[in-house]
Structure formats: C-alpha cells, structure tokens
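Data block below; observations after.
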Amino acid sequence: MIFMKKILIIVSTVLVILVALYTIVFMVDYNRCSNLKLPIFALKVNDGTTYYGLGYSVRTESINDNLLKVEMYILNKYIIGSITDYEEDNKKEENFGKVIMVNDKLYFDTGKKSNFIHTCGTMDGYIMSNVPSNTLPTKNNEANFEGKYGYQYGESNTIELYIDNEWYVFKLREEVSIVPTLDDKIYDNTIWCGTFQLIWNDLKNELAKQDIKFEEDLEVVNNLNKGTFTINDISDKYYYKKYGTPTLELKAEIEREIKRKFNEESDILNDFDWQGRDPKDFFLYVMLKKDFEFKNAFEKLENSKFGVFENVEYFGIKENSSNKLRDQVEVLYYNSKDDFAILLETKGDDEIILCKNPKGDTFSKIYKNILEEKDKYSGNLNMKAKETLKIPNINFKEKKEFKEIENKSFYFSNGDKYSIEKALQTIEFKLDRKGGKIKSEAGMMVKNEMGVLDENIREFSIDDTFAIFLLQEGKEVPYFANKINDISKFQ
C-alpha cells in the first residue's frame, strides 16, 4: 500500500512537472507569436512556413525574409496571431470607381452628369454582366457595379450611361505617360526620371561626339541634346551605368553589377536582342535606385476623396499631431489652400517638393515657377500648431518604349551612320508615411548602318492635381518628377 502511494506521488509529481514545462514552453511560443516572432519550441516542416509544437502549430507569412504574419493554432483552431504594419501601409483594397468595358476599352466614371440633350432613345448597347467593385471588367458590356444599363456613345472618347433616368459620363482613361526630358511638353499624369537623359548624354558625348540629329527635326531630340540633367546632379552612389558592344558578356556584367550594387535584377535587359550583333553596334544602360525615409513617420489618415476619386489613401499631419512632424516640413510658399508648395525633409540627402495645382506645361517650367514663388514668398516657412497636411500615397511601376526616336538614321562625328534600334525606360516610385523609394532603368540599343557622315491657419491638403520633384540636397536639378491628376493610376 505504501509502495503504491509512493508510485502515485512520483507519477503525480512528474505529471505536474510536465504540465508546468509544457505551460512554460507553450507560453513562450504564444508570446513570441503574438509579437511577430518565430516560435523556438516548435519544429519547422519542409514548406518553411509551418511549425509544429506539442499540441499546437504555427503558420507564418513573409516577403523577402521579412515576417508579415505569425499565427498559432490548437487543433487547427486559430488562437493568436500578429500582423506587421506592412499590411496597414501596403495592403489595400483596389478602388477603381465605376468602370465599364465597351469595344475592348475601359471607360471610367467621371462623376459628372451629361449636358448633352439625348433626342434619340435608341441605345448603342447595354451592360450585360457585372464583376465585383474592386476588380476591372474584362469582357465587353461588363461593369464593376450592379445593374443592366443602356448606353450611348458620347463625344471625345466618352460613353454616356443611362442610370435612374439620368445620363452619366464615362471617359476613356488616358495612359500614364513618360517624358524623356524636363523640357518636354507634359499633360496630366506624366512622369520623368533622369535615367534616359543619362544614357543619351553618353550616346551624344562619348560615342557620337556631337549632337544627335535626325533627318526629321524632333523637339524631343533637341531637348535631349540640351543635357539638362547630368551625372553632376546626382551622386554616383545612386546609379550604375555602362555602355559597350552588345554581347552576352556585357549583359552578364550589367546583371552582376546591379545585383552587387543595388541587389536588383533588370526589368529591361531581356527585351533587347543580344545575339549576332555587329561589333560596331552599341548598348547603353543605366539603373538609378534610391530609398529615403522620413525622420519621423507621418500619421496614417482616413481614406478620402482626391478630385472625383473616392477612398484614396492618405498620410500626413492632424491638428493634434506632434510638432516633430511639422518640423520636417518646410513651407516654400502658400497663396491659398489650392496654391502652395512644401518641402519634406528626410533622414538622408533627399528633399521632396510637393506643389498643388502646378503652373507650367513642362516640368522645367513648373520647377522654375516653384522657385520663383518661393523667392517672393514672405510668409511663415514653418508649419504652425494645428496646421494640417494631407498627402496621397503613391505607388506605381511604368514602362515606356520611345518609339518616336527609333529607326531614324543619324551620324557620329567620324561619319559612321547609326540608328536607335530600341529605347526603353522603366520608373518605379513609392511614397507613404514612412518614406519612399525610386528605381528606374534605361536602355538603348544603337545599330550601325555602315553609312558615311503671417497668415490664417493654412490647410496643406494635396487632394487634387499636383507635381512632385526629388532632388539631392545641394544639387540644382531634380532627378525625378511626376504630375498627377488621376490618382487612381498611381495607387
């Protein structure tokens, strides 16, 4: 009997110790998972995202080895999880507004009713199917909102949809455009980055050794020949460029160097023809990459309108925000809530200029106007207490082939005849409350043709057309510019 009691005491003690150890192990991993950390008492399985502990499992999500989500389960029932603010700042519901597809083209709601008097009641077509509001239609006569409505063709690339006894105007969306120089004419939703200018400078100065001249006089070529952006306007820490005879060895060298310098891969090198090149052909390439971070992350603001667009993401400064956020904003000028420019300081050497309702038909003129307005402004250059700031998040990736300068003959100074076989540029840009980043590539294949020869409280709300410039501190010329009218193209 005494022996049995001793056995029961030992077994009970062991069980208590095991339960205590299990509780400690479980609570350690529970706390780690709730704080976005990997468990230490669970074993990873082959998929690399799942861990199994004693009576519990852990599932993870990551991007580029950065943990985004850690969740713990008991018997496949979710009990705890932690999500990084990556989701807060980067994951978003797509908001296109109302969109219809007609004749293989997308038409977007302008938010306006038609002024046209419709004397004919015959419809040109009808909306026949619908998709969710956060997706784009993919079939003709399809809409991303409910209803089977009739439509008629309008003027200037518009379609007018008959909804509840009213005609609403839907307009064909213009594409985002990329210009190669600061001096090119711009319209709404236009981007520029200095990378293409840099390879043109090498083509002109190092290879042709004279201005590039086509038989047809093109304004874009004249602007490129001006060389308004050069390597003197940005540190070589932020770009890599190379030119030479196009071979697979040159391609491999470029890929190796951009990986070493920026840990990046090219989005354009495979678009060029590298096989069987003439030894007198040339390939010119540049990549520019910069990351920048604000000294203090701005506030995440509620989604609101930008022009006619709803549910747009914003960051900035609230009335009760810390003054340390206002300290990283310099007012360049303020004429009204619809006419102002500000400069945002970063931890590094980047300065971000934002200008609401910019004036000028080129980025050069817009930038010059900003400087002129700044010079004559005598108001307060600092943001005061209770003054607010609202800036839309920006996130886009665009690619452009400059076909207007391809397959046109020109001459080097030694009389050799050449033409541009292909010219490409990509621009990626992101701006949010923490900072941003820019990456741009430009490449050009040049083919030898064997030829011869005190105020009121101010409101800094960038919720309509604006321009943005990036320049390196101490430099005179920006290295990136963007004019935005349709924010939906850039989020």
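Atom set for the values below is all heavy atoms of this structure, side chains included, hydrogens, waters and symmetry mates excluded.
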Exercise. Please lay out, stage by stage, how I468 and F480 fare under the test side chain to side chain contact (heavy atoms under 4.5 Å, CB included).
Key: CA-CA 8 Å; I468 180 170; F480 169 80; 4.2 Å; yes
Exercise. Test side-chain hydrogen bond (donor to acceptor under 3.5 Å, both in side chains) on Y162 and Q152 and set out the steps.
Key: CA-CA 8 Å; Y162 194 57; Q152 290 183 358; over 6 Å; no
Exercise. Let me see the working for E441 and S266 under side-chain hydrogen bond (donor to acceptor under 3.5 Å, both in side chains), right down to the final yes or no.
Key: CA-CA 8 Å; E441 286 183 280; S266 173; 2.6 Å; yes
Tell me, please, whether [Y] has [X] positioned over its six-membered ring: NZ or CZ under 6.0 Å from the ring centre and within 45 degrees of its axis?
X: K390; Y: Y314; result: yes
X: K356; Y: F466; result: no
X: R458; Y: Y334; result: yes

Practice problem: Measure from the side-chain N and O atoms of E406 to the backbone N and O of A423, and report whether any donor-acceptor pair falls under 3.5 Å. | Solution: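 Confirmed, E406 side chain pairs with A423 backbone.
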State, without any angle test, whether [X] and [Y] hold a side-chain donor-acceptor pair at a distance under 3.5 Å.
X: S413; Y: Q210; answer: no
X: T388; Y: E459; answer: no
X: D338; Y: N357; answer: no
X: N395; Y: Q491; answer: no
X: D463; Y: S461; answer: yes
X: N144; Y: S133; answer: no

Test: [X] and [Y] ion pair at under 4.0 Å:
X: K209; Y: E206; value: no
X: K204; Y: D202; value: no
X: K289; Y: E264; value: yes
X: E293; Y: K347; value: yes
X: K139; Y: D104; value: no
X: E255; Y: K251; value: yes
X: D486; Y: K489; value: yes
X: K475; Y: D350; value: no

Practice problem: Start with the C-alpha distance between Y367 and F469, add both sets of side-chain angles, then the distance that settles ring-ring contact (aromatic ring centres under 6.0 Å, His included), and finish with yes or no. | Solution: CA-CA 8 Å; Y367 189 64; F469 295 86; 5.2 Å; yes
Quiz item: Roughly how far, to the nearest 0.5 Å, is CD of E313 from CD1 of I391?
Solution: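 Here the interatomic distance stands at 14.0 Å.
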Quiz item: What distance separates D464 CG from N485 CG, expressed to the nearest 0.5 Å?
Solution: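 If I round to the nearest 0.5 Å, the distance is 7.0 Å.
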Quiz item: Would F283 and F272 count as a ring-ring contact (aromatic ring centres under 6.0 Å, His included) if you check the C-alpha gap in whole Å, the side-chain angles of each, and the deciding distance to 0.1 Å?
Solution: CA-CA 9 Å; F283 180 74; F272 294 92; 5.0 Å; yes
Exercise. Using the salt bridge (charged side-chain N to carboxylate O under 4.0 Å, His left out) rule, take K439 and D267 through it: C-alpha gap first, then chi angles, then the decisive distance, then the call.
Key: CA-CA 11 Å; K439 173 189 167 186; D267 293 321; 3.6 Å; yes
Quiz item: side chain to side chain contact (heavy atoms under 4.5 Å, CB included) with A143: which residues, sequence neighbours excluded?
Solution: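 With neighbours one apart ignored, the set is I100, I127, N130, F145.
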Quiz item: Which of these passes side chain to side chain contact (heavy atoms under 4.5 Å, CB included) with F340: V331, N335, I462?
Solution: I462
Quiz prompt | Plane angle bin for F196 and W200 - parallel if under 30°, tilted between 30 and 60°, otherwise perpendicular | solution =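 Ring orientation, 0 to 90° scale: tilted.
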Practice problem: Measure up the F298 and F315 rings against each other and bin them: parallel (under 30°), tilted (30 to 60°), perpendicular (over 60°). | Solution: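 Ring orientation of F298 relative to F315: tilted.
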Quiz item: Would S419 and S409 satisfy side-chain hydrogen bond (donor to acceptor under 3.5 Å, both in side chains), going step by step from the backbone distance to the final call?
Solution: CA-CA 5 Å; S419 66; S409 298; 5.6 Å; no
Quiz item: Quick one: are D416 and Y418 in side-chain contact, heavy atoms under 4.5 Å?
Solution: yes
Quiz item: If you draw a 6.0 Å radius around NZ in K408, do more than 12 non-hydrogen atoms from other residues or ligands fall strictly inside?
Solution: yes
Quiz item: Do you know the tightest heavy-atom contact between Y333 and D339?
Solution: CE1-OD1, 3.5 Å
